[in-house]
Amino acid sequence: MAAVPDIARTEPAPAAAAVHDEAAAREALAVLREVFGYSAFRGEQQAIVEHVAAGGDALVLMPTGAGKSLCYQVPAILRHRRGQGVTVVVSPLIALMHDQVGALDELGVSAAFLNSTLEGDEARRIERELLAARLPLLYAAPERILTPRFLAMLDSLHERGLVSLFAIDEAHCVSQWGHDFREEYLGLSALHERYPGVPRLALTATADAHTRTDIVARLELGAARVFISSFDRPNIRYTIVEKDDAKRQLLAFLRDEHDGDAGIVYCQTRRKVDETAAWLREQGIAALPYHAGLDADVRRAHQDRFLREDGIVMVATIAFGMGIDKPDVRFVAHLDLPKNIEGYYQETGRAGRDGLPADAWMAYGLQDVVQQRRMIDEGEADEEFKRLQRTKLDALLGLAEAHDCRRVRLLAYFGEPSRPCRNCDNCLHPPATWDGTEAARKLLSCVYRFQQHGGRRAPRQFGAVHLIDVLRGKRTDKVAQYGHDELSTFGIGADLSESQWRGVIRQLIALGHLRAEGEYSTLVLSESSRKVLRGDVTIELRVPAHKTTKARARKDRRGDGGGAGRGAASAEALPLSDEQQACFAQLKAWRAEVARAHNVPAYVVFHDSTLAQMARERPATLAALAGIAGVGAKKLERYGAEIVRLLSA
């Protein structure tokens with residue numbers, strides 16, 4: 001299995017945890033080996049599996065790619081074999097259900113889903129399988145599970161003691177404080193009320209303290225055992241750059257560091273998604289758009305291409321990505337600032353699920369900061385919610401403007417201490433800083449003068465462009481109209497360029513010393529401005545980073561740029577000899593044919609890491625092939641002879 005962070009800490013619930021049972025542990029390991037082809041669990045996966053299989057409730061926070069699905073799939077299989085019935089998996093997206101069921105089918109596990117893509121006859125067949133308790137796992141969306149028809153089927157099963165487990169995936173969707181709140185999740189508390197003896201497992205990759213508390217309260221998981229993993233994804237390199245023609249910066253990043261790689265580019269609006277995807281195609285990049293405004297068939301076709309073809313770049317709004325199980329996404333790029341760190345972490349976590357080196361790259365600027373604050377201020381939520389959202393945005397801005405290790409800041413947000421990673425942009429190339437205290441005082445003084453000048457009819461608030469013109473001493477028509485060339489602050493900032501002043505404004509907003517308000521993003525002083533004006537606060541600002549050259553980018557990727565190195569991110573990154581590489585290419589070609597024949601993504605057949613191990617070890621018998629990680633009993637039976645023949649050719 002690919003190297004990923006282990007679960008670092010466990011929070012015991014008030015209820016006593018299930019007692020470790022050696023026989024149950026052996027049973028769980030047998031399922032892991034026989035069905036999934038792995039010889040050992042990672043971290044505390046085994047503790048979670050044993051606890052849930054024994055009937056305990058749990059809340060599991062585990063990063064993307066760390067194996068959350070095994071935490072309910074193994075107990076589901078175990079409990080079904082014991083005659084305890086069907087596990088119902090609450091899944092928010094059709095694509096996620098299809099992927100999971102397709103992967104389980106390849107493993108020889110009888111799983112199914114119920115959703116709107118099924119024809120009537122097929123849906124009724126699956127309902128019969130469900131009522132007969134022949135399915136270890138059944139996937140459905142929350143809105144379907146809570147329908148009278150579905151609940152009646154659950155009632156029938158429950159009366160016979162055949163509802164085994166409720167697994168609630170993407171559980172952060174239940175929280176109003178979370179980054180992806182979905183109202184239909186709120187009704188899931190009815191499962192506990194209606195079926196109180198059935199264990200429940202809630203899983204998510206992202207939840208801060210507020211969201212975690214909300215999940216427990218709304219799903220009535222007060223007696224559940226809470227497992228909190230390390231949020232660290234050491235194989236992901238975090239890079240945040242100041243916007244300077246963002247599309248061109250993105251293109252340079254793709255060409256210099258990810259030519260031919262699969263990845264995701266996130267934009268805030270549908271229009272920007274369409275424009276960016278079209279522009280990238282003009283530059284020779286295989287890019288596809290994805291957002292809720294596209295026809296459903298187009299979205300499905302684009303998603304299928306992304307999952308099944310190599311080297312596709314998906315340009316998307318956040319409508320794309322949840323539940324995407326593609327392991328070889330080599331980068332996630334943001335052309336716009338997300339709303340908060342949870343969203344950023346969730347989206348960047350879609351890169352490098354295979355444990356191999358991957359990039360999280362973001363370009364952001366002053367307008368991003370202004371726009372996100374305006375969206376909060378102009379929203380219809382109550383003031384408490386807005387206050388918390390501002391706090392979350394401030395944390396993200398702190399990450400973006402950080403001078404120190406990005407990873408330390410990111411993990412600290414989730415309450416996890418860490419040390420500098422030597423694998424983010426700030427660690428590899430520490431940014432220069434300068435004492436911006438005097439510049440900040442000049443700027444804030446100018447904003448103050450606007451508020452005091454001009455009489456009753458003149459506006460007292462202005463945006464960044466006009467402010468910079470006054471500071472730099474430019475006599476524009478607008479400056480003359482309002483008499484701002486008569487202000488004492490006119491021209492006092494001529495020593496800085498326009499781009500430098502924009503950086504000062506952006507960072508002062510990020511630090512909370514300046515606010516942008518209203519439709520036109522006019523700038524006003526904050527409560528902390530007075531301390532800056534008095535000289536009580538020292539303002540240290542970033543110097544804009546120099547553009548990364550191809551040579552430096554390649555040097556960093558080799559791992560000889562002074563950091564931990566990309567190749568050190570995972571044991572799976574071991575190089576293959578020329579002969580092994582040729583064998584690996586043959587195995588990938590064979591896998592592609594099988595995937596097409598079975599109508600599933602290639603990684604559902606075997607992950608790259610499994611093929612790489614085959615190429616390195618060249619097993620010559622079925623028994624030897626069975627020792628390769630990821631080769632379970634069903635896949636050995638289905639593909640073993642063909643693989644051995646291919647490897648011995």
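Please read these numbers as outputs of a predicted model, since none were measured by experiment. Index from 1, following the sequence.
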Check: Is it the case that Arg353 and Asn235 place a side-chain donor and acceptor less than 3.5 Å from each other?
Finding: no
Item checked: Residue pair Phe227 / Leu201, side-chain heavy-atom distance below 4.5 Å -> no
Check: So, His334 and Glu347: side-chain donor and acceptor under 3.5 Å apart, yes or no?
Finding: yes
Check: Can you find a side-chain donor-acceptor pair between Gln46 and Glu50 that sits under 3.5 Å?
Finding: yes
Note to self: Checking the side chain of Arg596 only, and the main-chain atoms of Ala602 only, is there a donor and an acceptor separated by less than 3.5 Å?
What the structure shows: no
Next item on the list: Applying side chain to side chain donor-acceptor pair (under 3.5 Å), name anything that partners Arg406, two or more places apart in sequence or on another chain.
Entry: Asp425
Please list, one pair per line, the donor and acceptor atoms closer than 3.5 Å that link side chains of residues 145-157 to other protein atoms, with sequence neighbours excluded.
residue : atom : partner : partner atom : Å
Thr147  : OG1  : Arg144  : O            : 2.7
Thr147  : OG1  : Phe150  : N            : 3.3
Arg149  : NE   : Glu127  : OE1          : 3.4
Arg149  : NE   : Glu127  : OE2          : 3.0
Arg149  : NH2  : Glu127  : OE1          : 2.7
Asp155  : OD1  : Arg194  : NE           : 3.0
Asp155  : OD1  : Tyr195  : OH           : 2.7
Asp155  : OD2  : Arg194  : NH2          : 2.6
Ser156  : OG   : Arg160  : NH2          : 3.3

Notebook entry, point to check: Do Tyr185 and Ile168 come close enough that some side-chain heavy atom pair is under 4.5 Å?
Noted result: yes
Item checked: Side-chain heavy atoms of Pro234 within contact of Cys421, under 4.5 Å -> no
Note to self: Just verifying a value: how many Å separate Arg638 CZ and His598 NE2, rounded to the nearest 0.5 Å?
What the structure shows: 6.0 Å
Next item on the list: Please collect all side-chain hydrogen bond (donor to acceptor under 3.5 Å, both in side chains) contacts where either partner lies in residues 84-95, sequence neighbours excluded, each pair once.
Entry: none
Next item on the list: Evaluate the criterion salt bridge (charged side-chain N to carboxylate O under 4.0 Å, His left out) for residue pair Glu27 and Arg82; output intermediate values, then yes/no.
Entry: CA-CA 11 Å; Glu27 191 181 9; Arg82 296 170 187 165; 3.1 Å; yes
Next item on the list: Walk me through it: do Arg330 and Asp354 pass the test salt bridge (charged side-chain N to carboxylate O under 4.0 Å, His left out)?
Entry: CA-CA 9 Å; Arg330 297 271 63 88; Asp354 53 8; 3.0 Å; yes
Check: Is a donor on one side and an acceptor on the other found under 3.5 Å between the side chain of Glu122 and the backbone of Glu119?
Finding: no
Notebook entry, point to check: Around Glu193, counting heavy atoms of other residues, nucleotides and ligands shown, do more than 12 lie under 6.0 Å from its CD?
Noted result: yes
Check: After noting the C-alpha distance and the side-chain angles of Phe231 and Leu61, does the key distance pass the side-chain contact (heavy atoms from CB on, under 4.5 Å) rule?
Finding: CA-CA 9 Å; Phe231 286 92; Leu61 281 79; 3.9 Å; yes
Check: Under 3.5 Å, side chain of Thr211 to main-chain N/O of Ser175, donor-acceptor pair present?
Finding: no
Notebook entry, point to check: Do the ring planes of Tyr344 and Tyr238 sit parallel (below 30°), tilted (30 to 60°) or perpendicular (above 60°)?
Noted result: tilted
Check: If you take all heavy atoms of Pro136 and Ala76, which pair is closest and at what distance?
Finding: O-CB, 3.9 Å
Margin query: Please give me the minimum heavy-atom distance between Ala351 and Ala358, naming the atom from each residue.
Written below: CB-CB, 3.9 Å
Item checked: Tyr639 side chain to Glu106 side chain, donor-acceptor N/O pair below 3.5 angstrom -> yes
Check: So, Lys386 side chain and Gly379 main chain: donor-acceptor pair closer than 3.5 Å or not?
Finding: yes
Notebook entry, point to check: Could Asp394 and Lys392 be called an ion pair, given the rule that one side-chain N must be under 4.0 Å from one carboxylate O?
Noted result: no
Notebook entry, point to check: Under 3.5 Å, side chain of His302 to main-chain N/O of Pro289, donor-acceptor pair present?
Noted result: yes
Checklist line | Taking every non-hydrogen atom, the tightest pair across Lys635 and Val605 | finding: NZ-O, 2.6 Å
Next item on the list: Flag the pair Leu219 / Val174 as yes when at least one side-chain heavy-atom distance between them is below 4.5 Å, and no otherwise.
Entry: yes
Notebook entry, point to check: Can any side-chain N or O of Arg79 pair as donor or acceptor with the backbone N or O of Ser164 at less than 3.5 Å?
Noted result: yes
Checklist line | Set of residues satisfying salt bridge (charged side-chain N to carboxylate O under 4.0 Å, His left out) with respect to Asp57, sequence neighbours excluded | finding: Arg200
Notebook entry, point to check: In terms of heavy-atom contacts, does CD of Glu183 have more than 12 from other residues, nucleotides or ligands at under 6.0 Å?
Noted result: no
Notebook entry, point to check: So do the side chains of Phe414 and Glu342 get within less than 4.5 Å of each other, counting heavy atoms only?
Noted result: yes
Next item on the list: Could you tell me whether the side chain of Arg225 and the main chain of His51 form a donor-acceptor pair under 3.5 Å?
Entry: no
Next item on the list: Before giving the answer on ring-ring contact (aromatic ring centres under 6.0 Å, His included), spell out for Tyr413 and Tyr345 the whole-Å C-alpha distance, their side-chain angles and the decisive distance to 0.1 Å.
Entry: CA-CA 11 Å; Tyr413 180 83; Tyr345 178 83; 9.7 Å; no
Notebook entry, point to check: Once you round to the nearest 0.5 Å, how far does CG of Leu162 lie from CG of Leu135?
Noted result: 12.0 Å
Notebook entry, point to check: Short question: side chain of Glu34, backbone of Gly632 - any donor-acceptor pair under 3.5 Å?
Noted result: no
Check: Ile312 and side chain to side chain contact (heavy atoms under 4.5 Å, CB included): which partner among Ile264, Leu288, Val329, Leu307?
Finding: Leu288
Checklist line | Output field: ring centroids Phe306/Tyr290 closer than 6.0 Å | finding: no
Check: For Leu70, which of Val35, Leu32, Val49, Val31 qualifies under side chain to side chain contact (heavy atoms under 4.5 Å, CB included)?
Finding: Leu32
Next item on the list: Give, for atom CG of Leu130 and atom CZ of Arg125, the distance between the pair rounded to the nearest 0.5 Å.
Entry: 11.5 Å
Margin query: If you define the side chain from C-beta out and look only at heavy atoms, does anything of Gln389 sit under 4.5 Å from Lys339?
Written below: no
Notebook entry, point to check: CG/Leu107 to CD/Gln73 distance, rounded to the nearest 0.5 angstrom?
Noted result: 8.0 Å
Margin query: Is it the case that the side chains of Ser230 and Glu416 hold a donor-acceptor pair, with the cut-off being a distance below 3.5 Å and no angle test?
Written below: yes
Check: Does anything in residues 96-122 pair up under ring pair (Phe, Tyr, Trp, His ring centres under 6.0 Å), and if so which pairs, sequence neighbours excluded?
Finding: His98-Phe113
Check: Between Thr317 and His291, is any side-chain donor less than 3.5 angstrom from a side-chain acceptor?
Finding: no
Note to self: Could you work out, with side-chain contact (heavy atoms from CB on, under 4.5 Å) as the rule, every residue matching Glu637, not counting sequence neighbours?
What the structure shows: Lys634
Note to self: Whether the Thr117 and Asn115 side chains hold a donor-acceptor pair (N or O, under 3.5 Å, no angle test) is what I'd like checked.
What the structure shows: yes
